[in-house]
Undergrad: 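My questions will all concern the structure given below.
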2 protein chains.
Amino acid sequence: MICDEDVMSERQSPGGQSLLFLTDEQLRKGIEAMFFAYRGFTADPDRILNKYGYGRAHHRALHFISRAPGTTVNNLLSILGVTKQSLNRVLRTLIEDELVESRVGTRDKRERHLFLTDNGTALEQELSDAQRERMRQAYREAGPEAVQGFRTVLEAMMDNDMQRHFTRMKEGRHD
Amino acid sequence: MICDEDVMSERQSPGGQSLLFLTDEQLRKGIEAMFFAYRGFTADPDRILNKYGYGRAHHRALHFISRAPGTTVNNLLSILGVTKQSLNRVLRTLIEDELVESRVGTRDKRERHLFLTDNGTALEQELSDAQRERMRQAYREAGPEAVQGFRTVLEAMMDNDMQRHFTRMKEGRHD
DNA sequence: CTTGGAAAGTCAACAACACTGACATAAAAC
DNA sequence: GTTTTATGTCAGTGTTGTTGACTTTCCAAG
């Protein structure tokens, strides 16, 4: 599929550290791969969401509430990187449809803590199952070393803020 | 950053082929990495596009016309995976603004072949430079093996149609 | 206790970008 | 000569994002 010279020209410097010679062509291929892959990445959930009359924004909210149950609206805002008005529109419909529950904070009553209801959990599962299945397939095809590299490059591609969120997520911290 | 056990559980079967044990947790991390990374991937071009009053759709059109000069509208449609109405809105403004030139086909006069003008090439360069710089940075940080893996997983994540387009693109075929 | 400011929610207006459906024109294909 | 293909266009709609203005709630500092 992808031959070595296709991906990267590499030379060994005297000091032992490897210098990379990345041509514009090789970088452009990476860009296109990212574009096409993201389409695949979202295709399955999009189909399911459409079935229920929801959009990608609903998926994202469900995903991160599922990952960090009890998260506040503000925390979700900073993870998703949208305005509160935009998030609020989505949250409102999810709460109205009883997929998400908003509980007033005990320590700070201004804050709303978000949880998935049983229905919410069910939809999140359906979406997640589809997306994970595609991921699992890709991982299986590519093999373990490829997956390691995949994750490493993706992490290096994030903004600092996103890296922070990603790391906190990995560590199970979501306060 | 990412420890081995974090990414994938691997066992060596007697036959020598490695079996992968992918937990939902590991797959979810991959999903989140993809989400955050794509934001970083588009952040720089988005800033530039905003400056000129264009959007992501204009970038995509410019990119693929630059990659496949003389491509037809139909080809572009199938690459981008949008409706002709959606693409047409974008193309019209790019042609009006003299970033893209549309030439009637010689062999088949129904077809329009698309080319970047000098101005179009300039903007495409500006966008591409920013995106390639981020890509280069990520590749450098991650190292050559990681890049190989990155590309392999991305390709496995694409739909078949997208894989076809991607392969044709790689081979420089765009007829 | 009062007040400043943070957190959350709401309303209105708007823009980008996707969609569907219908229709028009030109040219190739049969 | 009819049909199909490629392209373009008009109108309407929906999701998701934006800004700006405003209110309510409530913690915390003075």
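Reminder, nothing fancy here: chain letters follow the sequence lines and each chain counts from 1.
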Undergrad: Find the distance A:Leu76:CG to D:dT16:P and express it as a whole number of Å.
TA: 14 Å

Undergrad: Rounded to the nearest Å, what distance is computed from the CG atom of residue B:Leu49 to the C1' atom of nucleotide C:dA15?
TA: 15 Å

Undergrad: Given that A:Ala57 and A:Val104 both sit by DNA chain D, which one's nearest nucleotide is further toward the 5' end?
TA: A:Ala57

Undergrad: Whether B:Arg28 and B:Glu25 form a salt bridge (side-chain N of Lys/Arg under 4.0 Å from carboxylate O of Asp/Glu) is what I want to check.
TA: no

Undergrad: Does the side chain of A:His58 get closer than 4.0 angstrom to OP1 or OP2 of D:dT16 through an N or O atom?
TA: yes

Undergrad: When all nucleic acid strands are considered with a 4.0 Å heavy-atom cut-off, which category describes B:Arg89: base, sugar-phosphate, or nothing?
TA: base

Undergrad: Give a yes or no on whether a donor-acceptor pair under 3.5 Å exists between the nucleobase atoms of D:dT7, that is its base, and the side chain of B:Lys84.
TA: yes

Undergrad: Can you check whether any acceptor in the base of C:dA6 is under 3.5 Å from a donor in the side chain of A:Arg110, or vice versa?
TA: yes

Undergrad: Counting only side-chain nitrogens and oxygens, does B:Arg107 get under 4.0 Å of the OP1 or OP2 atom of D:dA6?
TA: no

Undergrad: So, does A:Asn88 get its side chain near the phosphate of C:dA8, meaning an N or O under 4.0 Å from OP1 or OP2?
TA: no

Undergrad: A:Arg92 side chain N/O closer than 4.0 Å to the phosphate oxygens (OP1, OP2) of C:dC11?
TA: yes

Undergrad: When you check the phosphate oxygens OP1 and OP2 of C:dA16, does a side-chain N or O of B:Arg56 lie under 4.0 Å from one of them?
TA: no

Undergrad: Just do the side-chain hydrogen bond (donor to acceptor under 3.5 Å, both in side chains) check on B:Thr71 and B:His113 with the steps written out, would you?
TA: CA-CA 5 Å; B:Thr71 186; B:His113 297 275; over 6 Å; no

Undergrad: Set out, in order, the CA-CA distance, both residues' side-chain angles and the distance that settles side-chain contact (heavy atoms from CB on, under 4.5 Å) for A:Arg60 and A:Val82, then state yes or no.
TA: CA-CA 11 Å; A:Arg60 291 197 281 264; A:Val82 297; 5.7 Å; no

Undergrad: Does a side-chain N or O from B:Thr83 land closer than 4.0 Å to OP1 or OP2 of C:dC19, or not?
TA: yes

Undergrad: Between A:Arg132 and B:Asp24, is the closest basic N to carboxylate O distance under 4.0 Å?
TA: yes

Undergrad: If each of B:Asn74 and A:Ser86 is mapped to the nucleotide of DNA chain D with the nearest heavy atom, which maps nearer the 5' terminus, i.e. the 5' end?
TA: B:Asn74

Undergrad: Select one nucleotide: of C:dA6, D:dT5, C:dC19, the one nearest the side-chain heavy atoms of B:Gln85.
TA: C:dC19

